[in-house]
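Here is the structure we will look at.
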Amino acid sequence: MNILIIGSGAREHALAKALRRSNQQPKIFCCGTSNNPGIQAFSQEYWKGDICHVQTILAKAKDWQIDLAIIGPEAPLEKGLADALWNQGIPTIGPKQKLAQIETSKAFTRDLLTLYHIPGSPIYRIFHDLSNVQEFLQQLGENGYVIKANGLMGGKGVKVAGDHLHSFAEAYQFCEEIIKTGQSFVIEEKLIGQEFSLLCFCDGKTLVTMPAVQDHKRAFINDEGPNTGGMGSYSDANHSLPFLTENDLLEAQNINEAVIKALQTEFGEKYIGILYGSFMATKTRVRVIEFNARFGDPEAMNILSILESDFVEICTAMVAGKLSKDQVQFSPLATVCKYAVPNGYPDQPVKNVEIDISSIQNPEQLYLAAVDECDGKLYATGSRTAAVVGIAQSIFAAEKMAEAEIQRIHGPLFHREDIGTEPLIQRRINHMEEIRQCVV
Ligand code: AMP
Ligand code: GLY
């Protein structure tokens, strides 16, 4: 079986590793944006170029006689790559363009939740120009709003009051900037609580939920500094998180299920791929931050590293509409993933600096991301560089493994020492307890 992976980051390296563990021994092919030696090592053929250029990817897929494609990142989904592959008879993991709006358009998603009475949305309003912006900001209050550009902006399209925006004037200015780029935007209520990611496999009808994961967006320890693509993440041995109740998980799962049903009704098309719900556990219930139409990065590393079942079988069942819960088993183990990123990341990262991974002790749990190989040397290209995963009975034991391992990656890089440590997790638990006990 010939399987094509689209994308060349750590998430796609994790996908490649999961495929390689399959008893079916598929042949792996990859279209990526850089030379990721981790993925190249498993690939029959590897093409580097623009993965959003649908016709080129299609030509590669035909040339390589691909039987199944997996789309890693969101940008090719937005360009309709899944539609094009399915139209050529190539079953694809990743929703078609219209369905992918669940990630690519914040306004679409908020309206879908409203239309189908799916609970959990914050108060929101969609803006196509600047009229009434001031009034709505005032209504939500000084620290009570979030502004989101409607389309994909490479992680730079969301700003949160109190964190990134410190006055109504700054907020208004950000809205002006978005309008100048030709986009509409959403202003919504700021939710208070603890964030978590709940992903599921979906065959168009049946959803199978994966272990819950908590990502860390902020660049520096203690959740300080600018937002990033995600500096690291953890999951627990019971597949929940230490600050979540059983009911929280159930609510999030029900919301994911309702979204898939709503998309099916709206477009008459099956959603085949990964649905990634990004949620906030709040004082009273689970609320929706956003959805992604793909695996999370770094969440994929936590989840796939403890997947016991055959990933090829899961993918085959998804595209055939035959997914069942018994097909998907995860080890009852905790994971901690940590990312090493270039000094200066995310705002002014050093670029094309040499790194050394030769001291790594467990290469199976090393995931290469924004790196390029040239003349046998490895270079960090400026975005997140490489991730490692610790797997153990407890989060804290997994953290120690990940921390020791990430220190074996040498170069002008940094990482967050605090992800998965006891003090940080305890802070999350305390925060949630305080919120839940608070009467007003
Ligand atoms: P996004 O780019 O949509 O993933 O959003 C980036 C981050 O903004 C999220 O991970 C949250 O930390 C934060 N965020 C987005 N929407 C909200 C909201 N309504 N309330 C509080 N935080 C939010
Ligand atoms: N973990 C954040 C993302 O994949 O978008």
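Whatever order the structure lists ligands and atoms in, that order sets their numbers, starting from 1. Any value given below was found using the heavy atoms of this structure, including those in side chains, with hydrogens, waters and symmetry copies removed.
Of the options Ile192, Asp223, Asn227, the smallest heavy-atom separation from atom 7 (C) of ligand 1 is shown by Asn227. Closest heavy-atom approach to atom 5 (O) of ligand 1 within the set Val158, Val288, Val186, Leu191: this belongs to Val158. For atom 13 (C) of ligand 1, the nearest non-hydrogen atom from the set Thr282, Asn292, Val160, Ile147 comes from Val160.
With sequence neighbours excluded, the residues that form a side-chain contact (heavy atoms from CB on, under 4.5 Å) with Ala380 are Val353, Ile355, Thr385, Leu413. Checked against salt bridge (Lys or Arg N to Asp or Glu O under 4.0 Å), Glu433 has no partners two or more places apart in sequence or in another chain. Ala402 pairs by the side-chain contact (heavy atoms from CB on, under 4.5 Å) definition with Val336, Lys338, Val388, not counting sequence neighbours.
Side chain of Ser167 to backbone of Glu170: a donor-acceptor contact under 3.5 angstrom is found. Looking only at distances, no side-chain donor or acceptor of Ser22 sits under 3.5 Å from a matching main-chain atom of Ala18. Under a 3.5 Å cut-off, the side chain of Ser34 and the backbone N or O of Asp372 do not form any donor-acceptor pair.
You'll find the side chain of Glu78 stays beyond 4.5 Å of the side chain of Cys52, heavy atoms only.
Partner of Phe185 under the ring-ring contact (aromatic ring centres under 6.0 Å, His included) criterion, out of Phe136, Phe127, Phe174: Phe127 alone.
Near Lys217, the atoms of ligand 1 lying under 4.0 angstrom from a non-hydrogen atom of the residue are 4 (O), 10 (O). Close contacts between ligand 1 and Lys190 involve ligand atoms 20 (N), 21 (C) [criterion: under 4.0 Å to a heavy atom]. Applying the 4.0 Å criterion to heavy atoms of Lys148 picks out, from ligand 1, the atoms 15 (C), 16 (N).
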Checklist entry - Could you go step by step and tell me if Glu189 and Arg287 meet the salt bridge (charged side-chain N to carboxylate O under 4.0 Å, His left out) rule? => result CA-CA 11 Å; Glu189 170 196 1; Arg287 311 286 299 269; 3.3 Å; yes

List, for ligand 2, each N/O atom that has a protein N/O partner under 3.5 Å away, with both atom names and the distance.
| unit_1 | atom_1 | unit_2 | atom_2 | d |
| --- | --- | --- | --- | --- |
| ligand 2 | 1 (N) | Asp215 | OD2 | 2.9 |
| ligand 2 | 1 (N) | Tyr276 | OH | 3.3 |
| ligand 2 | 1 (N) | Asp297 | O | 3.3 |
| ligand 2 | 1 (N) | Glu299 | OE1 | 2.7 |
| ligand 2 | 1 (N) | Glu299 | OE2 | 3.2 |
| ligand 2 | 4 (O) | Arg294 | NH1 | 3.0 |
| ligand 2 | 4 (O) | Asp297 | N | 2.9 |
| ligand 2 | 5 (O) | Arg294 | NH2 | 2.9 |

